[in-house]
Every structure is written in structure tokens, then in C-alpha cells.
J.: 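Would you mind keeping the following structure in view while I ask a few things?
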Amino acid sequence: MDEKYSFSLRKIALLGGINNYIAVSSRELGDALGMSQQSASKRILELLEEKYLIRDLGARRQRIKITDIGVEELRKEYNEYRRIFELTDHVTLHGKISSGMGEGGYYINQKPYMDQFYAKLRFKPFEGTLNIKVAVEDLDKLEVVRNMPGHVIDGFEKDGRTFGKVMAYRAKIQNLDCAIVVPERSHYEDTMELVCKFHLRRTLSIKDGDDVAVIVDLTPLSPEN
């Protein structure tokens, strides 16, 4: 997103425009943005055209609100700042073990996936995935991870069925090497799926409801990855 738009959205968000419509004149917005009334009026029109804002003209004063598209752009920017100021070469995600939909084993065991996991992560996953429901306070960190460049596990077709692309991120759980996998068509927003060469439930003696911490490697990928 153009920096001039992100700057304007930040100021509108600070005025309360994320959760509610705010009544603000072009002059008032111009003061907040450090520009003339005419320039602020033009900026509102640009943000409306880009679908970052919606406007209600039914009241005596115009009311504006940031759209879901605009909020998502601000969230991406927020995650970038978190990486700069809060995160180093890793991030720790906390959560509880949970049961999945039972499909992980079928997908992970497909040979084209297995071969790519070994080539890029240097291990072949044990069948199935370990599901961890991420703590609410760490969901923003999970979003940071998902927006990072990861190891691309390409999709393929087999017997007339399409298997989608998967992103994989190196991680550790209790000092065991593993990886967070994010399928292209994921069913989960607050859950991360882990793969490891070991059966994690048995190896770590963990069960549904147990608290765990996963350390995700955020170091940049080498060019060959």
C-alpha cells in the first residue's frame, strides 16, 4: 500500500475510525494529516476509491470508517513493526494441545509432500499433525509467522485429486525439531499444525488440553529455499 495511504489510515484509526464511523470534516482531517483542507478532501476520495474507507453522507457531517481491507493493510504494517521492534530471530507461541479433523495423516503421507519435506526441512514427518490452539494473546504473533516467507511445499495432482500448496516454518517444541505447516486451504485461524519426524504426543507424553510452547525460527531463508 502507498505510504501516503497508510499514513492517512493510521491517523483515521487513531481518531477511532476502525471500530466506528467518525464524524470528521476535511479541515479537521487536514489538521490531523498536516495538509490543507483541499488535500485532505482529495485524500478521502482516494481512500474511498481504493476501498480503504467507506463514507456515510446521511448525517449533517460526513462520517467515515476504515473498511476490512483497510484494517488488513494496517495489520500488515503493524506486524512489520512488531518484527522490527519486538521480534528477533525467533518467536514463541503458546497454546493448548487439541484434536484436529483427522485428515493430517492422509495428506502428510502423500509421497510428493514427504519428498519435499525431506529436501527442504531434512526430515520426513511422522504421519499426522499435532494441533495446537494458540493462546489469544499470541494470535498476532501467529499472524506474523504466517506472513513471513516460508519453505514452499508445492501442490500436485494425484488420481484426479488436487493437493494444495503448503507453507512450512521451522520450529522447535521442547527442543525437538519440527515445523509449522499452513495449508493453502487451511480450516484454522487460531490453530497451528505441527509436523515432526517423531510421534509428538507419545514422545513428549502430551495430551489434549496440555499447555505447550513452540519456538518458531524467523531467520531469513537462504536464496536456494
Side-chain angles (χ1 to χ4, degrees), residues 72 76 79 83 87 89-135 138-225:
E72 183 59 30
K76 289 178 183 177
N79 287 333
R83 287 175 57 192
L87 308 176
D89 59 349
H90 70 275
V91 61
T92 302
L93 300 172
H94 300 85
K96 291 182 181 292
I97 303 298
S98 65
S99 294
M101 300 175 66
E103 299 179 345
Y106 173 74
Y107 286 99
I108 293 301
N109 275 334
Q110 299 298 318
K111 188 175 186 300
Y113 281 149
M114 282 286 193
D115 291 345
Q116 292 183 75
F117 274 117
Y118 186 77
K120 297 185 179 184
L121 300 174
R122 308 312 298 171
F123 71 82
K124 287 191 175 183
F126 184 87
E127 65 179 62
T129 60
L130 179 70
N131 285 36
I132 299 173
K133 187 169 184 179
V134 178
D138 281 356
L139 288 177
D140 284 338
K141 294 181 184 179
L142 179 61
E143 191 65 22
V144 169
V145 173
R146 288 174 171 167
N147 285 324
M148 291 280 291
H151 297 272
V152 179
I153 309 298
D154 291 317
F156 56 93
E157 290 189 9
K158 178 181 176 183
D159 300 328
R161 184 170 183 177
T162 300
F163 293 80
K165 180 174 69 174
V166 175
M167 299 299 294
Y169 304 89
R170 292 183 182 276
K172 286 183 180 291
I173 181 170
Q174 294 189 28
N175 288 324
L176 291 181
D177 289 328
C178 62
I180 294 177
V181 291
V182 181
E184 190 174 37
R185 297 186 291 268
S186 177
H187 299 288
Y188 307 111
E189 293 185 2
D190 62 351
T191 300
M192 57 180 164
E193 299 180 80
L194 265 61
V195 294
C196 180
K197 66 180 178 180
F198 303 108
H199 188 299
L200 288 171
R201 286 179 181 261
R202 287 205 300 258
T203 302
L204 301 177
S205 298
I206 51 180
K207 61 186 184 303
D208 282 2
D210 285 350
D211 293 312
V212 291
V214 178
I215 300 174
V216 187
D217 184 358
L218 297 182
T219 54
L221 299 180
S222 56
E224 62 268 19
N225 292 319

J.: List the atom of Phe117, the atom of Ala168, and the distance in Å for their closest heavy-atom pair.
T.: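 Heavy-atom minimum between the residues: CE2-CB, 4.2 Å.
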J.: Tell me, please, which residues at least two apart from His94 pass ring-ring contact (aromatic ring centres under 6.0 Å, His included).
T.: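 Not a single residue meets the ring-ring contact (aromatic ring centres under 6.0 Å, His included) criterion with His94.
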J.: Please round to the nearest 0.5 Å and tell me the distance separating atom CG of Asn147 and atom NZ of Lys76.
T.: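 It comes to 7.0 Å.
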J.: List the steps, then state whether side chain to side chain contact (heavy atoms under 4.5 Å, CB included) holds for Ile132 with Val214.
T.: CA-CA 9 Å; Ile132 299 173; Val214 178; 3.6 Å; yes
J.: Does NZ in Lys197 sit with more than 12 non-hydrogen atoms of other residues, nucleotides or ligands closer than 6.0 Å?
T.: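 Result for NZ/Lys197: open.
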J.: Judged by modelled atom types alone, do Asp208 and Ser99 share a side-chain donor-acceptor pair under 3.5 Å?
T.: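 The criterion, which ignores hydrogens and geometry beyond distance, is satisfied for Ser99 and Asp208.
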J.: Can you run down the salt bridge (Lys or Arg N to Asp or Glu O under 4.0 Å) pairs that involve residues 107-118, sequence neighbours left out, and say none if there aren't any?
T.: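 Applying salt bridge (Lys or Arg N to Asp or Glu O under 4.0 Å) to every pair that reaches into residues 107-118, excluding sequence neighbours, yields Lys111-Asp115.
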J.: Please find the pair of heavy atoms, one from Glu143 and one from Glu72, that lie closest to each other, and give the distance.
T.: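 Looking at all heavy atoms of both residues, the shortest contact is OE2-OE2, 4.5 Å.
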J.: Sequence neighbours left out, cut at 3.5 Å: what donor-acceptor pairs do the side chains of residues 157-165 make with other protein atoms?
T.:
| from | atom 1 | to | atom 2 | distance (Å) |
| --- | --- | --- | --- | --- |
| Lys158 | NZ | Gln110 | OE1 | 2.9 |
| Arg161 | NH1 | Tyr106 | OH | 3.4 |
| Arg161 | NH2 | Tyr107 | OH | 2.8 |

J.: State the CE-OG1 distance between Met192 and Thr129, to the nearest 0.5 angstrom.
T.: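 Spacing of CE (Met192) from OG1 (Thr129) equals 12.0 Å.
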J.: So which of Arg170, Gln174, His90 actually passes side-chain contact (heavy atoms from CB on, under 4.5 Å) with Ile215?
T.: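 Answer to the side-chain contact (heavy atoms from CB on, under 4.5 Å) test with Ile215 among Arg170, Gln174, His90: His90.
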J.: If you compare all heavy atoms of Gly128 against all heavy atoms of Val195, which two are closest, and at what distance to 0.1 Å?
T.: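 That would be O-CG1, 4.2 Å.
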J.: Could you walk me through whether Gln116 and His151 pass side chain to side chain contact (heavy atoms under 4.5 Å, CB included), step by step?
T.: CA-CA 10 Å; Gln116 292 183 75; His151 297 272; over 6 Å; no
J.: Would you name the heavy atoms of Arg146 and Glu189 that are closest together and state the gap between them?
T.: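 Looking at all heavy atoms of both residues, the closest pair is NH1-O, 3.0 Å.
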J.: Should the ring pair His199 and Phe126 be called parallel, tilted or perpendicular, given that the plane angle runs from 0 to 90° and is split at 30 and 60?
T.: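 Perpendicular: the ring planes of His199 and Phe126 meet at over 60°.
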J.: Are any non-hydrogen side-chain atoms of Phe198 and Leu204 less than 4.5 angstrom apart?
T.: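 A side-chain contact under 4.5 Å is absent here.
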J.: Cys196 and Asp177: which non-hydrogen atoms are nearest, and at how many Å?
T.: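 That would be SG-O, 3.2 Å.
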J.: Is any side-chain heavy atom of Ile180 closer than 4.5 Å to a side-chain heavy atom of Leu194?
T.: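 Yes; the side chains approach each other to less than 4.5 Å.
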J.: Can you tell if the side chain of Ile97 reaches within under 4.5 Å of the side chain of Lys207, non-hydrogen atoms only?
T.: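 Ile97 does not reach Lys207 side chain to side chain.
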J.: How about Glu193 and Asn131: do any of their side-chain heavy atoms sit closer than 4.5 Å?
T.: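 In contact.
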J.: Examine distances only and state if a side-chain atom of Tyr113 and a backbone atom of Val166 form a donor-acceptor pair shorter than 3.5 Å.
T.: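 Side chain of Tyr113 to backbone of Val166, a donor-acceptor pair under 3.5 Å: no, none is there.
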J.: Can you see which heavy atom on Asp138 is nearest to which on Thr92, and at what distance?
T.: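 What the structure gives for the nearest pair is OD2-O, 3.7 Å.
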J.: Hey, mind stepping through Lys96 and Asp210 against salt bridge (charged side-chain N to carboxylate O under 4.0 Å, His left out) and telling me if it holds?
T.: CA-CA 5 Å; Lys96 291 182 181 292; Asp210 285 350; over 6 Å; no
